[in-house]
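Heads up, the thing below is written out as structure tokens.
Not measured: the values here are computed from a predicted model. Just so you know, these numbers use all the heavy atoms, side chains as well, and skip hydrogens, waters and symmetry mates.
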Amino acid sequence: MSTNEAMIIQEVQQFQQSFPASAELDIIALTGADSASYSRMGNEQAWMATISVTAWHVQDQADIQQGAFILVNKDEEKKLEQLFDPMEANQIWKMKVRRDQNRLLLLKLDQLVDPAQEPQLATILKEQTREVTIEHERLGTFVLDRSLNSLRGNIEWLGETIRVSLDNDADAYHQLNVLARLLDDDAKWDRRIRAFAAEELTELKNDSWLEDDEEEWSEANFAKQLTLQAITFTEEDFTFWFDDGDLFWGHAIYVSNTIEDGPYDANIGG
């Protein structure tokens with residue numbers, strides 16, 4: 001056994017200790033709005049797989065547990081993919097798990113269930129897949145994307161179509177009112193935010209991100225290189241997301257703002 005294999009076994013055993021064997025259950029569960037995701041922390045060798053579950057019940061029992069549950073396990077990546085990949089968003093599955101509060105350790109995936117065989121879960125499924133929209137007389141229609149918990153739409157900004165994302169946990173109409181105020185003076189906001197990004201990031205570009213034989217950038221040319229792609233909102237602020245025009249080799253540039261004070265942070269993202 002290799003050192004990596006031994007470390008994976010140890011990490012898996014430590015992780016699964018928080019799920020007592022006495023809490024093992026055969027359940028029927030409804031997955032949420034997203035498919036499985038995989039991650040690995042720091043120097044760990046084992047991978048973590050998760051997928052959301054919105055409702056479940058013990059097999060042969062009618063009592064429905066509804067809420068924000070996480071189906072999870074830890075192991076080698078290939079083993080996790082074999083276990084989790086069959087599941088997709090908004091499906092009903094029979095499975096064996098161990099429970100630790102709102103976490104469900106997936107031990108075995110049995111079979112996909114026809115919603116017609118599970119009327120209570122089917123009712124919840126119908127509701128969680130129902131299209132939710134809000135309408136704004138000026139800004140149009142915004143549709144709930146449950147996988148991101150955001151309301152999404154498009155607007156025209158200085159003649160270009162860009163994406164807009166609203167925080168579904170905040171007051172959507174407040175966010176739309178802020179957007180309307182931005183559009184009332186879009187050219188001024190556009191210049192102000194680009195100038196702030198250039199002021200904050202041009203030095204970084206010239207110090208660390210120049211290609212061989214690439215000339216240094218001025219702030220003015222830096223600002224012109226950016227292409228606005230999206231605006232995202234929260235209750236408190238909003239963020240402009242730009243394509244970097246290869247300034248940072250394809251990394252997004254974002255500028256965070258408040259409607260009262262304007263831009264306050266600029267950085268590069270993934």
Side-chain angles (χ1 to χ4, degrees), residues 12 15-41 46-75 77 79-134 141-153 165-172 175 232 234-235:
V12 170
F15 176 74
Q16 294 185 353
Q17 284 176 357
S18 61
F19 299 87
S22 59
E24 192 166 300
L25 300 167
D26 291 304
I27 70 169
I28 302 176
L30 171 61
T31 59
D34 49 6
S35 56
S37 62
Y38 303 88
S39 61
R40 186 165 61 176
M41 299 293 292
W47 285 75
M48 182 88 75
T50 60
I51 188 170
S52 63
V53 166
T54 56
W56 60 275
H57 69 85
V58 176
Q59 293 184 32
D60 301 321
Q61 296 183 21
D63 187 24
I64 297 288
Q65 304 291 320
Q66 192 169 357
F69 298 93
I70 298 294
L71 201 60
V72 63
N73 208 333
K74 196 171 192 176
D75 212 323
E77 186 177 16
K79 290 183 179 180
L80 291 177
E81 289 174 347
Q82 291 172 353
L83 186 60
F84 280 78
D85 274 2
M87 289 183 290
E88 298 179 4
N90 304 310
Q91 290 184 332
I92 299 173
W93 283 85
K94 287 185 179 180
M95 61 186 69
K96 186 181 293 290
V97 302
R98 292 178 187 168
R99 183 181 183 184
D100 175 35
Q101 297 182 11
N102 72 326
R103 297 189 305 163
L104 302 169
L105 177 70
L106 178 60
L107 301 174
K108 180 184 177 184
L109 193 63
D110 287 332
Q111 67 184 62
L112 185 65
V113 178
D114 185 340
Q117 299 175 1
E118 286 289 327
Q120 293 186 86
L121 292 180
T123 299
I124 298 170
L125 173 61
K126 182 178 180 180
E127 176 60 26
Q128 77 180 33
T129 54
R130 177 179 60 86
E131 184 176 79
V132 175
T133 64
I134 64 169
T141 302
F142 291 78
V143 180
L144 176 62
D145 182 340
R146 286 183 170 85
S147 66
L148 300 173
N149 194 34
S150 63
L151 290 151
R152 302 171 74 82
S165 178
L166 311 177
D167 183 356
N168 189 48
D169 290 329
D171 183 342
Q175 296 168 76
T232 59
T234 68
E235 186 74 25

_Applying side-chain contact (heavy atoms from CB on, under 4.5 Å) to R130 and K126, what does each step give before you reach the verdict?_
CA-CA 6 Å; R130 177 179 60 86; K126 182 178 180 180; 6.0 Å; no

*Take atom CG in D60; do more than 12 heavy atoms of anything else shown fall under 6.0 Å from it?*
no

*Residue pair W56 / L104, side-chain heavy-atom distance below 4.5 Å*: yes

*Measure the spacing between CH2 of W47 and OG of S39 and express it to the nearest 0.5 Å.*
7.5 Å

*Distance in Å, F142 CZ paired with S150 OG, rounded so as to fall on 0.5 Å steps*: 11.0 Å

_Please give me the minimum heavy-atom distance between I134 and A172, naming the atom from each residue._
CD1-CB, 3.6 Å

*Would you indicate whether the side-chain heavy atoms of I28 and I92 approach each other to under 4.5 Å?*
yes

*asked:* Please enumerate all residues that pass side-chain contact (heavy atoms from CB on, under 4.5 Å) together with Q82, with sequence neighbours excluded.
replied: none

*Side chain proximity check, Q65 to R99, heavy atoms < 4.5 angstrom*: yes

*Do the side-chain N and O atoms of Q128 and T54 include a donor-acceptor pair separated by under 3.5 angstrom?*
yes

*Closest non-hydrogen atom pair, A46 against R40*: O-CG, 3.3 Å

*Mind checking the CG-NZ spacing from L80 to K74? Nearest 0.5 Å is all I need.*
10.5 Å

*Can a donor-acceptor pair be found between the side chains of T50 and S37 at a distance below 3.5 Å?*
yes

*Going by heavy atoms in the side chains, are L112 and K94 under 4.5 Å from each other?*
no

*CA sep, side-chain torsions, deciding dist, call: L106, L83, side-chain contact (heavy atoms from CB on, under 4.5 Å)*: CA-CA 8 Å; L106 178 60; L83 186 60; 3.6 Å; yes

_With S22 via side-chain contact (heavy atoms from CB on, under 4.5 Å) - residues at least two apart_ = P20

_Tell me if a side-chain donor or acceptor on Q175 pairs with a main-chain N or O of D167 at a distance below 3.5 Å._
yes

_Just verifying a value: how many Å separate L144 CG and T133 OG1, rounded to the nearest 0.5 Å?_
9.5 Å

*Determine whether V72 and M48 make a side-chain contact, defined as any pair of heavy atoms from C-beta on separated by less than 4.5 Å.*
yes

_Give me the atom names and distance for the closest heavy-atom approach of L71 to V97._
CD1-CG1, 3.9 Å

*Mind checking the CG-CG spacing from L166 to D145? Nearest 0.5 Å is all I need.*
12.0 Å

_I'd like to check L30 versus I124 (side-chain heavy atoms, cut-off strictly below 4.5 Å). Are they in contact?_
yes

*asked:* Is any side-chain heavy atom of V58 closer than 4.5 Å to one of D26?
replied: no

_For the backbone of E88 and the side chain of T31, can you confirm whether one donor and one acceptor N or O come within less than 3.5 Å of each other?_
yes

*When you look at E118 and H57, which way does the side-chain contact (heavy atoms from CB on, under 4.5 Å) test go after all the steps?*
CA-CA 10 Å; E118 286 289 327; H57 69 85; 2.7 Å; yes

*Is there side-chain contact between L109 and K96, with at least one heavy-atom pair below 4.5 Å?*
no

*Please name the pair of heavy atoms, one in P86 and one in W93, separated by the smallest distance, quoted to 0.1 Å.*
O-CZ2, 3.4 Å

*asked:* Ignoring hydrogens, what is the shortest heavy-atom contact between A33 and S147? Give both atom names and the distance.
replied: O-CB, 3.5 Å

*Does any donor atom in the side chain of S18 or R103 lie under 3.5 Å from an acceptor atom in the other side chain?*
yes

*Among all residues two or more places apart in sequence or in another chain, which pass the side-chain contact (heavy atoms from CB on, under 4.5 Å) test with Q16?*
V12, N73, L105

*Could you state the interatomic distance from OG1 (T141) to CG (L151), rounded to the nearest 0.5 Å?*
11.0 Å

*asked:* Quick one, S165 with L148, criterion side-chain contact (heavy atoms from CB on, under 4.5 Å). Give me CA distance, side-chain angles, the key distance, then yes/no.
replied: CA-CA 10 Å; S165 178; L148 300 173; over 6 Å; no

_Show, in sequence, the C-alpha distance, side-chain angles and deciding distance for R98 and D100, and conclude whether the salt bridge (Lys or Arg N to Asp or Glu O under 4.0 Å) test is met._
CA-CA 7 Å; R98 292 178 187 168; D100 175 35; over 6 Å; no

*Report yes or no: does E235 contribute a side-chain atom to a donor-acceptor pair with the main-chain N or O of D171 at less than 3.5 Å?*
yes

